[in-house]
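One structure below.
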2 protein chains.
Amino acid sequence: MWSALADPNRRAILHLLLEGPRPVGELSEACDLSQPSTSKHLRVLREAGLVRVIPDAQRRLYALEPAPMAELDAWLAPYRRLWNSSLDALGRHLDAVDAEQHDGGPAQRRRSDEQKGTGKP
Amino acid sequence: MWSALADPNRRAILHLLLEGPRPVGELSEACDLSQPSTSKHLRVLREAGLVRVIPDAQRRLYALEPAPMAELDAWLAPYRRLWNSSLDALGRHLDAVDAEQHDGGPAQRRRSDEQKGTGKP
DNA sequence: CGTTCATATTCTCGAACAGGTATATTCGCT
DNA sequence: AGCGAATATACCTGTTCGAGAATATGAACG
């Protein structure tokens, strides 16, 4: 997933998909990429699980897949404490989530975080 | 910065640095990397602004630089909205969205997605 | 001053990657 | 069925990347 996000064009595609599903041609035009290049980038994004494809006649609509972003957020969480160690609600909330995953504490808010192993033990 | 984060070894280094500044040798040993390789990765991380160096005699302590993580978080912010709404009612809404995108049915999840004219009716 | 430890840099090689062109596939339309 | 639009794949090419070996810098210490 990280290598998929490493490319600026792919991030641009994701940014466009933020506004809703789009066909390849539109992404290609908006990102100023050739159509084959766009298709290849979309393939990488799809194999990384970042987007999913919705077949629509001869078109293929691509849509964001939110799950990997949650994974990214989970990775970022420990670092978030660093850059702003004194957040009002957010930081405490995240700390709570972190603690919850360790001691099984008040698990009432984001219990859907425990989806699959991130491959990063 | 993204390309710096794309490498698993570099992410491992950052993960180690979470526990505090460390000299190169320690990182090298912990990540099972050769010393030159570690130095090269650290150079990339440094040029990406992700770590900073603290010279200490003939040693060089590397420490996390929190700022770029904030940048990452800012980039992630728009997507966070997405997965939050998805996690909210995971299974049912995914099915609903799926159906909606096939028959153009009740667009209940589209709160503020269609803000800009995509030029694609 | 020379030795040794810790780190950085250079070089080279093989693999991976991005972009371009040409071609294949699939669906809708007439 | 055949044509055309939309998308995917294959092939080629120049570039980048990461690992490894050899070497250079630089500081402590005898």
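Throughout, protein chains are lettered first and strands after them, A, B, ... in sequence-line order, and every chain is numbered starting at 1.
Atoms CG (A/L27) and P (D/dA8) sit 10 Å apart, rounded to a whole Å. Rounded to an integer number of Å, the gap from A/D56 CG to C/dT26 P is 17 Å.
A/D7 is not listed as a side-chain neighbour of A/V44, based on a closest heavy-atom distance of 4.5 Å or more. Two residues are said to be in side-chain contact when any heavy atoms from C-beta on lie closer than 4.5 Å; A/R46 and A/V51 meet this criterion.
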Under a 4.0 Å heavy-atom criterion, the protein footprint on nucleotides 1-22 of chain C, written with B, S and -, is -----SBBB-B------SBBBB
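Residue B/L72 comes nearest to B/W2 through the heavy atom pair CD2-CH2, 3.5 Å, listed as atom of the first residue, atom of the second, then distance.
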Validation: residues 31-40 of chain A side-chain donor-acceptor distances under 3.5 Å, sequence neighbours left out:
from: A/S34; atom 1: OG; to: A/S37; atom 2: N; distance (Å): 3.3
from: A/Q35; atom 1: NE2; to: A/S39; atom 2: OG; distance (Å): 3.3
from: A/T38; atom 1: OG1; to: A/S34; atom 2: O; distance (Å): 2.8

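A/R11 contributes a side-chain N or O that, together with a main-chain N or O of A/A6, makes up a donor-acceptor pair within less than 3.5 Å.
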